[in-house]
Amino acid sequence: MFRRKESQRARERATEYATCKDFRQIFTEDMAGLHLLAYLLTADMARAEQCFVAGLDDSIRGNQVFKQWARAWSKRAIIQNAVKMMKPALGQHAPMEEGAQNEQNRSTKENPLVAVVLGWTTFERFVFVMSVLEGYSVRECSSLLACRDQDVIVTKSQVLQRLANQPAQDNSAYTMGKMSWNGFLAQAQVA
């Protein structure tokens, strides 16, 4: 009787955790948003695809994660892979490759707001995506980006000010630092 109860408890606990199938479903359902996340961070389609695939791989092979945390874990895996790949640092501005410049020009026509973000330095893009769109705290951002809290605070303020100066229907969310993914995408499509 005791072994049956323990076996039942173990099965119940196992159903609480995300499986490979769960992560595949998340990456399939959220493909556009996850790919946009990787693209905003890397500013390069090929690198974005690498981050996306590596994020899926890390999610599937990673630590056990509760099902309700699986979507956030998927985004974090992409962000961590982008940090490894891009090595964002304050004041660093890598020259844009010709292919990436062509992508940015296409994005300018399709989504002017996305193009604005792609024109920023790598560090600025990471701070914006992590702190504003993903809602990471200053401490989390500075830890992942290996910088001072003050660097994140100043950079976040600067990028929000730049966004507030962009033509859009309602920039108040940018200036308040409360922009969400849905709000960002809505603004990007309107502009």
Side-chain angles (χ1 to χ4, degrees), residues 1-90 92 114 117-118 122-149 151-153 155-156 159 173 177-186 188:
M1 182 72 153
F2 177 74
R3 286 186 181 171
R4 251 189 270 161
K5 284 186 179 182
E6 281 299 312
S7 177
Q8 182 180 357
R9 284 186 195 138
R11 280 193 302 274
E12 288 171 0
R13 280 192 304 266
T15 61
E16 295 174 3
Y17 294 102
T19 63
C20 291
K21 182 180 176 184
D22 295 327
F23 280 113
R24 286 186 186 115
Q25 183 176 352
I26 288 168
F27 273 79
T28 300
E29 290 173 357
D30 299 350
M31 185 180 297
L34 293 172
H35 196 269
L36 178 60
L37 169 66
Y39 182 52
L40 286 173
L41 293 170
T42 63
D44 179 271
M45 286 294 192
R47 287 181 175 169
E49 187 65 29
Q50 290 173 346
C51 283
F52 180 86
V53 171
L56 173 60
D57 188 48
D58 288 352
S59 294
I60 289 172
R61 291 183 307 119
N63 301 323
Q64 286 188 330
V65 177
F66 288 115
K67 284 185 180 184
Q68 62 265 31
W69 297 349
R71 287 194 193 285
W73 182 267
S74 301
K75 290 179 179 182
R76 186 157 183 116
I78 288 174
I79 290 170
Q80 288 174 325
N81 279 291
V83 168
K84 286 181 210 170
M85 180 183 292
M86 302 301 294
K87 298 174 180 51
L90 184 65
Q92 169 192 31
V114 170
V117 175
L118 293 178
T122 304
F123 187 78
E124 290 170 335
R125 287 193 318 270
F126 272 81
V127 169
F128 173 72
V129 170
M130 291 169 61
S131 68
V132 179
L133 297 181
E134 286 299 312
Y136 284 32
S137 70
V138 169
R139 180 65 42 125
E140 289 172 312
C141 290
S142 63
S143 176
L144 284 168
L145 297 173
C147 66
R148 299 176 312 140
D149 291 355
D151 296 336
V152 173
I153 293 167
T155 301
K156 180 179 176 180
V159 297
K178 297 179 181 176
M179 180 54 61
S180 67
W181 269 108
N182 292 336
F184 178 77
L185 293 175

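Here, residue 1 is the first one in the sequence, and each next residue gets the next number.
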Verify, without hydrogens or angle tests, whether Thr155 (side chain) and Val152 (backbone) share a donor-acceptor contact under 3.5 angstrom. no
Say whether, by atom type as modelled, one donor and one acceptor occur between the side chain of Asp58 and the main chain of Gly55 under 3.5 angstrom. no
Side-chain donor or acceptor of Ser143 paired with backbone N/O of Arg139 under 3.5 Å: no
Salt bridge or not for Lys67 and Glu16, using N-O below 4.0 Å? no
Report the distance from atom CE of Met130 to atom CG of Leu145, rounding to the nearest 0.5 Å. 4.5 Å
If I take atom NZ from residue Lys84 and atom CD1 from residue Ile79, how far apart are they, to the nearest 0.5 angstrom? 13.0 Å
Residues in side-chain hydrogen bond (donor to acceptor under 3.5 Å, both in side chains) with Gln25, at least two apart? Glu29
The test is side chain to side chain contact (heavy atoms under 4.5 Å, CB included); show your working for Thr19 and Asp22 and say whether it passes. CA-CA 5 Å; Thr19 63; Asp22 295 327; 3.2 Å; yes
Quick one: pull up CH2 in Trp73 and CZ in Phe23 and give me the separation to the nearest 0.5 Å. 7.5 Å
Atom OG of Ser142 and atom CG of Asp149: how far apart are they, to the nearest 0.5 Å? 3.5 Å
What pair of heavy atoms forms the shortest contact from Val114 to Leu40, and how long is it? CG1-CD2, 3.9 Å
Residues Leu118 and Tyr39: closest non-hydrogen pair is CD1-OH, 3.3 Å
Taking the side chain from Asn81 and the backbone from Ala77, do they hold a donor-acceptor pair closer than 3.5 Å? yes
From the list Ile26, Leu37, Leu133, Val129, side-chain contact (heavy atoms from CB on, under 4.5 Å) partner of Lys75 resolves to Leu37
For Arg125 versus Leu41, what's the shortest heavy-atom pair and its separation? NH2-O, 2.9 Å
Looking at side-chain heavy atoms only, is the closest gap between Cys147 and Leu90 below 4.5 Å? no
Atom CD in Gln50, atom CG in Asp57: separation rounded to 0.5 Å? 13.0 Å
Check Ala70 against Val65 and note the closest heavy-atom contact, atom names and distance. N-CG1, 4.0 Å
Taking Arg47 for its side chain and Thr42 for its backbone only, find out whether a donor-acceptor pair lies under 3.5 Å. no
With the side chain counted from C-beta on, respond yes when Phe128 and Lys156 share a heavy-atom pair under 4.5 Å apart, and no when they do not. no
Report the relative orientation of the aromatic rings in Phe27 and Phe52; use parallel for angles under 30°, tilted for 30 to 60°, perpendicular for over 60°. perpendicular
Set of side chain to side chain contact (heavy atoms under 4.5 Å, CB included) partners for Glu140, sequence neighbours left out: Arg76, Tyr136, Ser137
Do you know the tightest heavy-atom contact between Asp151 and Phe123? O-CE2, 4.0 Å
Intermediate values then yes/no, side chain to side chain contact (heavy atoms under 4.5 Å, CB included), Val83 and Lys87: CA-CA 5 Å; Val83 168; Lys87 298 174 180 51; over 6 Å; no
Give the C-alpha distance, both sets of side-chain angles, the deciding distance and a yes or no for side chain to side chain contact (heavy atoms under 4.5 Å, CB included) between Cys51 and Met85. CA-CA 8 Å; Cys51 283; Met85 180 183 292; 3.8 Å; yes
Rounded to the nearest 0.5 Å, what separation is found between the CD atom of Gln80 and the CG atom of Leu144? 6.0 Å
